[in-house]
Structures are given as C-alpha cells and as structure tokens.
Amino acid sequence: MGAVLPWIRSVYSVSRRLVLRPGLGSAPAALPGVWCAGKKDLVDLPALNEEELEESFVRGSGPGGQATNKTSNCVVLRHTPTGIVVKCHQTRSVEINRKRARQILREKLDVALKGEHSDIVKRRMESMQMKQEKRKKVNENLERKRLFKEALTAEPKPGQ
C-alpha cells in the first residue's frame, strides 16, 4: 500500500479521464502510464511492447489535396509477433495519429488474443442487438400507424 500511495496522489481526473501527472511520482511497473476511463476506452487491453512494433510514416490518401499529398503523416504500425498491421490517418498531426494507431492496435490484439471473449466483441454484439431491437420497435410502430390509417379510411364518415 505504501508504494502505491505516492502514485495515487499523482493521478488526477480531467473530464472523466484519469491521467498520470508528469513528474509527481512514478507508476508501478505493471501499470501503464496513462489510463483512460472514458466510455469507449477499455482498461484491460493488452500492453504493447515497443520492441515488437515496426513503425513507418507514409503519405495518406483521401480528401485533402496538396496537404495530404505532400506530408507523410499516415502512421503504419506492424506488430511483428502476430503480423497485425494498422494504418491510421485520421488527423493531420503525426503524434495524434501515432497514439490512435497504438490504441487501434491494442484493440485488434485484444480481439486476436481473446476471440469471442474480448470486451470489444461483446460490446459490438450488444450494440448490434440494441440496433436490431430498436429497428424492430420502429417497424412495429409503422405497422400500427398503417393499420390505424386503414381503419380510419375504411370507416364510413358521418353524413354519407
């Protein structure tokens, strides 16, 4: 408990995210330097070993014209033990693309290692089921409205 206490003091919360303050103690060796506790982020993703990664920067594709064609800010990460390759060109910033590529690679590694038992796969299945249930409710409501309109048109109007 005594070794963890200085580390706990160095953590502070910013907009529902836990971030390690630089220079205020060190994190235990088993814990990552930055934790995200947001809605989409998972804490139990596998850690990346930087020695197992091959990183390269290439020119991105898509809209953007000259800004896209002249800068090599697309990050390509390859995890050598598994052969998983991730390409990230979401922003113009190389640093943000590097962070996002690593997050995507961690998610893909989690799915590759755990398979159907991965939290990511479970959440995707839950969201698909919720979408199907919502679509079913919408279709039921549309059918009820259609039947109601048919019943209104079928009734004889007063005065006829």
Side-chain angles (χ1 to χ4, degrees), residues 1-139 141:
M1 182 71 181
V4 178
L5 195 55
W7 181 77
I8 291 174
R9 287 188 192 131
S10 66
V11 176
Y12 66 99
S13 177
V14 178
S15 70
R16 290 184 285 166
R17 290 182 182 264
L18 297 175
V19 181
L20 181 66
R21 279 183 166 170
L24 294 178
S26 60
L31 299 175
V34 177
W35 277 3
C36 296
K39 196 164 44 169
K40 294 182 181 178
D41 300 316
L42 301 172
V43 178
D44 62 343
L45 291 176
L48 292 178
N49 189 357
E50 290 295 324
E51 291 85 29
E52 297 176 345
L53 298 179
E54 293 178 11
E55 184 176 41
S56 60
F57 304 98
V58 296
R59 290 188 181 146
S61 61
Q66 184 178 8
T68 301
N69 297 334
K70 288 181 73 175
T71 58
S72 297
N73 55 6
C74 179
V75 178
V76 178
L77 275 181
R78 183 173 184 271
H79 189 249
T80 52
T82 59
I84 296 175
V85 178
V86 171
K87 192 173 181 181
C88 181
H89 185 230
Q90 295 177 357
T91 67
R92 293 173 67 179
S93 170
V94 176
E95 289 303 314
I96 295 173
N97 286 336
R98 289 181 75 208
K99 289 178 184 176
R100 289 186 181 175
R102 279 168 172 70
Q103 182 66 26
I104 294 168
L105 183 62
R106 288 178 68 199
E107 291 175 359
K108 286 193 173 194
L109 275 175
D110 186 53
V111 171
L113 296 175
K114 294 181 182 176
E116 293 180 1
H117 302 292
S118 171
D119 290 337
I120 296 169
V121 173
K122 289 178 184 176
R123 288 186 184 193
R124 284 183 190 156
M125 295 301 290
E126 288 173 5
S127 68
M128 284 175 45
Q129 288 176 351
M130 288 173 51
K131 278 185 181 180
Q132 289 174 353
E133 290 172 5
K134 188 175 180 181
R135 187 76 235 162
K136 185 178 176 182
K137 287 180 183 178
V138 167
N139 287 338
N141 284 339

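Numbering starts at 1 and runs along the sequence shown.
Heavy-atom minimum distance, G62 versus T68: O-CG2, 4.3 Å. V121 and G115 get closest at one heavy-atom pair: CG2-O, 3.6 Å. The two residues H89 and C74 make their nearest non-hydrogen contact at CB-SG, 3.7 Å. Closest approach of V94 and V75 over heavy atoms only: O-CG2, 4.1 Å. Closest of all the heavy-atom pairs between S72 and R59 is OG-CG, 3.6 Å. Taking every heavy atom of both residues into account, T91 and N73 meet most closely at O-ND2, 4.0 Å.
K122 contributes atom NZ, which lies 12.0 Å from atom CE of M125 (distance to the nearest 0.5 angstrom). Between atom CG of residue N141 and atom NZ of residue K137 there is a gap of 9.5 Å, rounded to the nearest 0.5 Å. In this structure, Q129 CD and E133 CD are separated by 6.5 Å, a value rounded to the nearest 0.5 Å. From Q66, atom CD reaches atom OG1 of T71 across 10.0 Å, with rounding to the nearest 0.5 Å.
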Walk me through whether R124 and I120 qualify under side chain to side chain contact (heavy atoms under 4.5 Å, CB included). CA-CA 6 Å; R124 284 183 190 156; I120 296 169; 3.8 Å; yes
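The backbone N or O of R106 sits nowhere less than 3.5 Å from a side-chain atom of D110 that would complete a donor-acceptor pair. N97 contributes a side-chain N or O that, together with a main-chain N or O of Q90, makes up a donor-acceptor pair within less than 3.5 Å.
Ion pairing of E55 with R102 is present here, as a side-chain N (NZ or NE/NH1/NH2) and a carboxylate O approach within less than 4.0 Å. Look at R78 and E52 and you find no salt bridge, because none of the NZ, NE, NH1 or NH2 atoms lies under 4.0 Å from a carboxylate O. Under a 4.0 Å N-O distance rule, the pair E95/R98 qualifies as a salt bridge.
A heavy-atom distance below 4.5 Å is not found between the side chains of E107 and V111. Residues V85 and L77 fail the side-chain proximity criterion, which asks for heavy atoms closer than 4.5 Å.
Within 6.0 Å of NZ on K114 lie more than 12 heavy atoms contributed by other residues, nucleotides or ligands. Within 6.0 Å of the CD atom in E116, the count of heavy atoms belonging to other residues, nucleotides or ligands does not exceed 12.
No option in T80, L105, V86 other than L105 meets the side-chain contact (heavy atoms from CB on, under 4.5 Å) test with L53.
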